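Worksheet: the structure to be examined is printed underneath.
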Amino acid sequence: LELSTRSINFAAYHTLDTIYSWMDSLVAQHPGLVTKEEVGRSYEGRPMYVLKFSTGSDRPAIWIDTGIHAREWVSQATGVWTANKIATDYGSDASLTSLLNSMDLYLLIVANPDGYVYTHTRDRMWRKTRSVNPGSACRGVDPNRNWDAGFGGPGASTNPCSDSYHGPAAHSEVEVKNVVDLITSHGNFKSFISVHAYSQLLMYPYGYSCSHVPDQPELDSVGRAAAQKLASLYGTSYRVGNICNIIYPASGGSIDWSYDAGIKYSFALELRDTGRYGFLLPASQIVPTASETWLALKHIMEHVRDHPY
Amino acid sequence: QRLFVGDQVIRINAESEEQIQLLQALETQEEWELEFWRRPVSTGLPVDVRVPRGSLEPVRSYLLAHDLPFSVLISNLQELLNEEKAEMERNQK
């Protein structure tokens with residue numbers, strides 16, 4: 001059965017195949033706005049698809065990825081809802097329309113497809129990639145410790161059996177390398193946002209160092225305003241700050257890499273925590289979570305649009 | 001498929017730096033096979049840890065012995081997983 005964008009249930013978790021099929025239908029329904037592009041293959045050979053929202057050529061761009069950690073299912077589900085929101089609001093939401101009339105938006109809904117499939121088939125609590133670690137019985141690398149940003153530093157493990165194993169080298173994970181190559185070859189990304197769950201945090205660089213980045217005051221101010229917008233819907237309270245101080249030192253993270261690559265507006269979100277479910281947030285909370293997150297994402301993107309650099 | 005029958009997820013709210021250090025010591029305790037969903041960092045953030053069924057007693061004793069305030073976030077992880085799976089199957093139908 002082919003799913004249409006009308007028939008997919010956004011208040012449900014879906015398999016990789018369903019999400020990928022749904023992407024096709026979204027593209028079919030919004031041909032002048034959305035395209036599905038393969039950015040490469042995962043370790044186990046699965047395609048990695050990014051949805052590109054674009055109304056012109058040679059535009060500066062915003063990057064959003066969801067679900068780099070496989071078990072954080074509300075992240076991928078939020079990505080699906082968000083993609084639909086962008087496609088359906090374009091043309092009716094004046095602010096979003098103006099954004100997409102001047103910038104492109106790339107949305108990678110399943111940033112770790114092998115891990116995501118593994119959470120559906122073998123181990124719901126799997127976090128990492130599924131690459132083989134030579135000399136170890138344990139598989140997988142934490143793809144958010146594998147970026148070339150203080151790689152191998154504090155907050156990452158040298159043990160392949162650890163959930164925060166950084167891998168043998170920076171960008172050793174093809175899932176990371178695919179994104180790095182796309183961002184680098186594009187050369188005009190102005191914002192990079194990674195969406196995780198759960199902890200209710202909105203963070204900016206650095207994680208590999210506790211020193212402040214040069215843009216800290218602006219990033220902090222944007223982050224706090226975004227968190228305020230998010231809270232306006234259901235009162236969900238976020239903490240805002242740099243990764244190192246708000247959680248703990250964590251080297252090799254995606255937004256540290258993007259910031260050091262010159263993408264000033266680099267943020268990471270940790271979606272909602274009800275204090276009852278951890279990674280197993282009930283599907284009934286997907287839409288509320290995505291809806292409140294959208295307000296924060298939109299605020300950040302509007303700031304990016306209005307503050308060219 | 002990996003099962004988590006009887007595993008609990010416990011939320012610990014450390015109230016001092018000393019208690020954070022006690023929890024950090026737990027992270028290195030490999031014998032109990034704990035999985036930290038949220039690691040011990042500061043008193044402002046709760047610590048969530050998945051405790052395998054077989055380690056529940058020693059972990060609870062450890063927490064009680066050190067006056068570490070905790071509550072049960074998930075009383076049986078597999079039950080929650082089963083509910084999630086059933087809901088997905090219903091949705092697919």
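Proteins come first, then strands; the chains are lettered A, B, ... in the order of their sequence lines, and each starts at number 1. Everything numeric in this text was worked out from a predicted model, so none of it was measured.
Atom CZ of residue B/R38 and atom CD1 of residue A/I247 lie 8.5 Å apart, to the nearest 0.5 angstrom.
Using a 4.5 Å heavy-atom threshold, the side chains of B/Q1 and A/D123 count as separate. The side-chain heavy atoms of A/W73 and B/E84, taken from C-beta on, include a pair separated by under 4.5 Å.
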For the pair A/H120 and B/M88, evaluate side chain to side chain contact (heavy atoms under 4.5 Å, CB included) and give the outcome as yes or no after the intermediate values. CA-CA 10 Å; A/H120 281 265; B/M88 281 190 72; 3.4 Å; yes

Please step through side chain to side chain contact (heavy atoms under 4.5 Å, CB included) for the pair A/Y198 and B/D48, ending with a clear verdict. CA-CA 11 Å; A/Y198 65 108; B/D48 293 343; 2.7 Å; yes

Please assess B/W37 against A/M125 for the test side chain to side chain contact (heavy atoms under 4.5 Å, CB included), listing each intermediate value before the final yes or no. CA-CA 10 Å; B/W37 287 9; A/M125 289 301 122; 3.3 Å; yes

Dump the intermediate steps for side chain to side chain contact (heavy atoms under 4.5 Å, CB included) on B/Q92 and A/H14, then the final yes or no. CA-CA 8 Å; B/Q92 279 168 353; A/H14 296 287; 5.9 Å; no

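In summary, B/R11 and A/D273 engage in a salt bridge, as defined by a charged side-chain N under 4.0 Å from a carboxylate O.
Judged by a 6.0 Å distance limit and a 45° cone about the ring axis, B/R39 is positioned over the six-membered ring of A/Y248.
No other option in B/V9, B/L81, B/L77, B/L3 has as many heavy-atom pairs under 4.5 Å with chain A as B/L81.
Counting heavy-atom neighbours within 6.0 Å of B/Q21 CD, excluding the residue itself, gives a total above 12.
When heavy atoms are compared at a cutoff of 4.5 Å, B/E35 approaches chain A solely by way of its side chain, counted from C-beta outward. For A/T121, the part lying under 4.5 angstrom from a heavy atom of chain B is the backbone only. For A/R127, no part lies under 4.5 angstrom from a heavy atom of chain B.
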